[in-house]
Novice: 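Okay, handing you the structure first.
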Number of protein chains: 2
Amino acid sequence: MTGVLVVDDDPHLLRILKLALETSGYAVTTAVDGRSALLAATQNPLALVILDLGLPDIDGVTVIKELREWSRVPVLVLSARHTSEDKVEALDAGADDYLTKPFGPDELLARLRALLRRSADLQPPEPVVVTENFTVDLAKHRVSREGADVRLTPIEWKILEILVRNPEKLITHRQLLTDVWGPAYAKDSNYLRVFMAQLRRKLEPDTGNPRHLLTEAGIGYRFQP
Amino acid sequence: MTGVLVVDDDPHLLRILKLALETSGYAVTTAVDGRSALLAATQNPLALVILDLGLPDIDGVTVIKELREWSRVPVLVLSARHTSEDKVEALDAGADDYLTKPFGPDELLARLRALLRRSADLQPPEPVVVTENFTVDLAKHRVSREGADVRLTPIEWKILEILVRNPEKLITHRQLLTDVWGPAYAKDSNYLRVFMAQLRRKLEPDTGNPRHLLTEAGIGYRFQP
DNA sequence: GGCGGGCCTAACGGATCCTTAACGGCAGGG
DNA sequence: CCCTGCCGTTAAGGATCCGTTAGGCCCGCC
């Protein structure tokens, strides 16, 4: 079964789309805003995303950019805005097609078939770790948050890399110190605390209550995806 | 070089399209009817076809179907007909996108980029890399800026080539040094800084604020298309 | 031999980054 | 209640790294 995610804040249109798609044989999941759309995209195996640009919480283009940081799923954009600038912006952000409202259901389904046909035969694995707040691309050595690149210093990156490569696993102070600074610096100092504070300031939404870079008192740190 | 075939029976529109595409860095071949279009498609290595449906000899949809019997090249359809039936027919015949006249050149180029981006996943890495400021032709060993060729020394080219072949990926100093000068020269000196300055002076519009040849302090460099 | 292009070295201002120290919050134990 | 670890945060110094320029060396070419 082909999974399709439909994102629209209009419940009426959402119901119509869901019905039309399901009668055409697709498995449909829905979302009503950008936040929940990105979350749903991480949890379901999707073959295509239909995205309305006019969302209540996040700008639709931002949703595309964030999605594109870790996924290549085809994105078909729906929008009431029909200027060239809007279309160019969405397409260059990573969308695959742009359909202006009002549209006929036949055309939507045809464009959907075209996209699915084109992307039917590719699925390369991606060395990208993603959380709801930031994404880490190990291969490209790059970390971004809310669509924007985050600049990390060499030591910050090294620490983050070690933690991210061992999700949910507890890494001791000693291991981090020797891996980053070398065996000579294995004795505890407060380098680590300083850099963890830096990392959290750059990546965590609430520095006081970290959600992904957790500390295990007296032992070490842990990365929670 | 990214080859694009443009098929249209209106010589005026054809000339406009050809010019717009060439200034964007594509290699354009043209055809004025369906017969010659199918012939041209067999003879040139193409990355994309832009096809006007209103041709004098063969019906456009038939052209798509015939083309699809042996080629998977992305097809972007132009047409004055804007009914759902026309779009569905063309898309289901094998077209990848359907753009109704009149259209803005910006939108056409954006949709073209979207199609090329999608189909680039299957093919080996592109022989031509284009940025808004300069283009690099890996195959022909040439780089041009604002239409004019840029003279690069052998070492400058080697550095640029390595960076461009790994878009957005961070390349460490060590890797650049060993790849360009050999393993013996892996120890840091400042050749690299000198040559990066040279490259930026030749390619970047604002040397002080590089937009494509980015430096990652303490680690290496990154090419941003 | 003169000449020019390409490559390496040296040096300096400026930006970035690492280290260190100091302070406050928090919990547990005396 | 105070004392003591442990952690998080901030700020400032000094060290390191980067970009840039200038000059000298080497080699091929006129």
Side-chain angles (χ1 to χ4, degrees), chain A residues 141 143 149-163 170-174 176-182 184-223, chain B residues 141 143 149-163 170-182 184-224:
Chain A
H141 194 133
V143 43
D149 278 20
V150 177
R151 282 184 58 84
L152 292 189
T153 71
I155 289 188
E156 285 165 13
W157 169 261
K158 203 121 182 233
I159 293 174
L160 182 64
E161 186 182 15
I162 294 172
L163 292 174
L170 196 156
I171 312 292
T172 65
H173 295 143
R174 179 185 192 81
L176 281 171
L177 285 167
T178 59
D179 280 5
V180 174
W181 281 272
Y185 296 77
K187 75 179 198 312
D188 182 62
S189 175
N190 71 336
Y191 316 143
L192 251 185
R193 281 194 287 284
V194 173
F195 281 97
M196 287 306 297
Q198 283 279 4
L199 274 176
R200 289 206 254 244
R201 194 153 57 83
K202 291 182 176 178
L203 300 179
E204 290 277 3
D206 179 8
T207 311
N209 264 33
R211 305 182 56 179
H212 305 108
L213 270 27
L214 310 180
T215 147
E216 217 76 23
I219 312 180
Y221 294 90
R222 180 201 308 275
F223 168 69
Chain B
H141 211 271
V143 45
D149 278 19
V150 178
R151 279 183 52 84
L152 292 188
T153 72
I155 288 188
E156 285 165 12
W157 170 261
K158 201 99 182 268
I159 293 174
L160 183 63
E161 186 182 15
I162 293 172
L163 291 174
L170 197 158
I171 312 293
T172 63
H173 296 141
R174 181 184 193 82
Q175 184 174 346
L176 282 171
L177 286 168
T178 58
D179 282 5
V180 174
W181 282 273
Y185 297 78
K187 76 179 198 312
D188 182 63
S189 177
N190 70 338
Y191 333 137
L192 248 186
R193 284 195 287 282
V194 174
F195 281 97
M196 287 304 299
Q198 284 279 3
L199 273 177
R200 288 207 253 244
R201 196 148 54 84
K202 291 183 177 178
L203 299 179
E204 290 277 4
D206 179 7
T207 310
N209 263 31
R211 305 182 56 179
H212 304 108
L213 270 27
L214 309 180
T215 148
E216 215 78 20
I219 312 181
Y221 294 91
R222 184 200 305 277
F223 168 69
Q224 185 78 12

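Quick note on labels: first sequence line is chain A, next is B, and so on, each numbered from 1. Reckoned from all heavy atoms, side chains included, excluding hydrogens, waters and symmetry mates.
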Novice: Between A:I159 and A:L192, is there a side-chain heavy-atom distance shorter than 4.5 Å?
Specialist: yes
Novice: With A:Q198, which of A:R201, A:R200, A:K202 fulfils side chain to side chain donor-acceptor pair (under 3.5 Å)?
Specialist: A:R201
Novice: If the test is side chain to side chain contact (heavy atoms under 4.5 Å, CB included), which one of B:I162, B:D179, B:I219 qualifies with B:I171?
Specialist: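 Among B:I162, B:D179, B:I219, the one meeting side chain to side chain contact (heavy atoms under 4.5 Å, CB included) with B:I171 is B:I162.
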Novice: Say you draw a straight line from CG of B:L213 to CZ of B:R222; how long is it, rounded to the nearest 0.5 Å?
Specialist: 12.0 Å
Novice: Over all strands shown, is B:R201 touching base, sugar-phosphate only, or nothing at heavy-atom distances under 4.0 angstrom?
Specialist: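 Result for B:R201 = nothing.
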Novice: For C:dC7, does either OP1 or OP2 sit under 4.0 Å from a side-chain N or O belonging to B:Y191?
Specialist: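 For C:dC7, OP1/OP2 do not have a side-chain N/O of B:Y191 under 4.0 Å.
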Novice: Measure from the side chain of B:Y221, starting at C-beta and using heavy atoms only, and say which of C:dC17, D:dG19, D:dG8 lies closest.
Specialist: D:dG19
Novice: Please give, in whole Å, the distance from C:dC7 P to B:L199 CG?
Specialist: 11 Å
Novice: Is the B:Y221 ring parallel, tilted or perpendicular to the B:H173 ring (thresholds 30°, 60°)?
Specialist: perpendicular
Novice: What nucleotide, of D:dG19, C:dG6, D:dC7, holds the atom closest to the side chain of A:T215?
Specialist: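 Among D:dG19, C:dG6, D:dC7, the one nearest the side chain of A:T215 is D:dC7.
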Novice: What's the closest nucleotide to the side chain of B:A197 if the choices are D:dT20, D:dT9, C:dT16?
Specialist: D:dT20
Novice: Tell me whether the OP1 or OP2 atom of D:dC18 has a side-chain N or O from B:H173 closer than 4.0 Å.
Specialist: yes
Novice: Among the nucleotides C:dG6, C:dT19, D:dT9, which one has an atom lying closest to any side-chain atom of A:I155?
Specialist: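 The listed nucleotide nearest to A:I155's side chain is C:dT19.
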Novice: When the distance from CD1 of B:I219 to C1' of C:dC18 is rounded to whole Å, what number comes out?
Specialist: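 Atom CD1 in B:I219 sits about 14 Å away from atom C1' in C:dC18.
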Novice: Just how far, in rounded Å, is P of C:dC8 from CE of B:M196?
Specialist: 16 Å
Novice: Do any side-chain nitrogens or oxygens of A:T153 fall under 4.0 Å of OP1 or OP2 in C:dC18?
Specialist: yes
Novice: B:N190 side chain: which of C:dG6, D:dT20, C:dC18 is closest?
Specialist: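 When the side chain of B:N190 is considered, D:dT20 is the closest of C:dG6, D:dT20, C:dC18.
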Novice: Take the protein atom CG of B:L192 and the nucleotide atom P of D:dC17, then report the distance between them rounded to whole Å.
Specialist: 14 Å
Novice: Nearest whole angstrom, please: distance from the P of C:dG14 to the CZ of B:R193.
Specialist: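 Rounding to the nearest Å, CZ of B:R193 and P of C:dG14 are 17 Å apart.
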Novice: If you assign each of B:Y185 and A:V194 to its closest nucleotide in DNA chain C, which residue comes earlier from the 5' end?
Specialist: B:Y185
Novice: For B:R151 and for A:L152, locate the closest nucleotide of DNA chain C by heavy-atom distance; then report the residue assigned to the nucleotide nearer the 5' terminus.
Specialist: B:R151
Novice: When the distance from CG of A:N209 to P of D:dC7 is rounded to whole Å, what number comes out?
Specialist: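 That distance rounds to 17 Å.
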Novice: Nearest whole Å is fine: how far is D:dC18 P from B:L213 CG?
Specialist: 15 Å
Novice: What is the distance, to the nearest angstrom, from the CH2 atom on B:W181 to the P atom on C:dT9?
Specialist: 10 Å
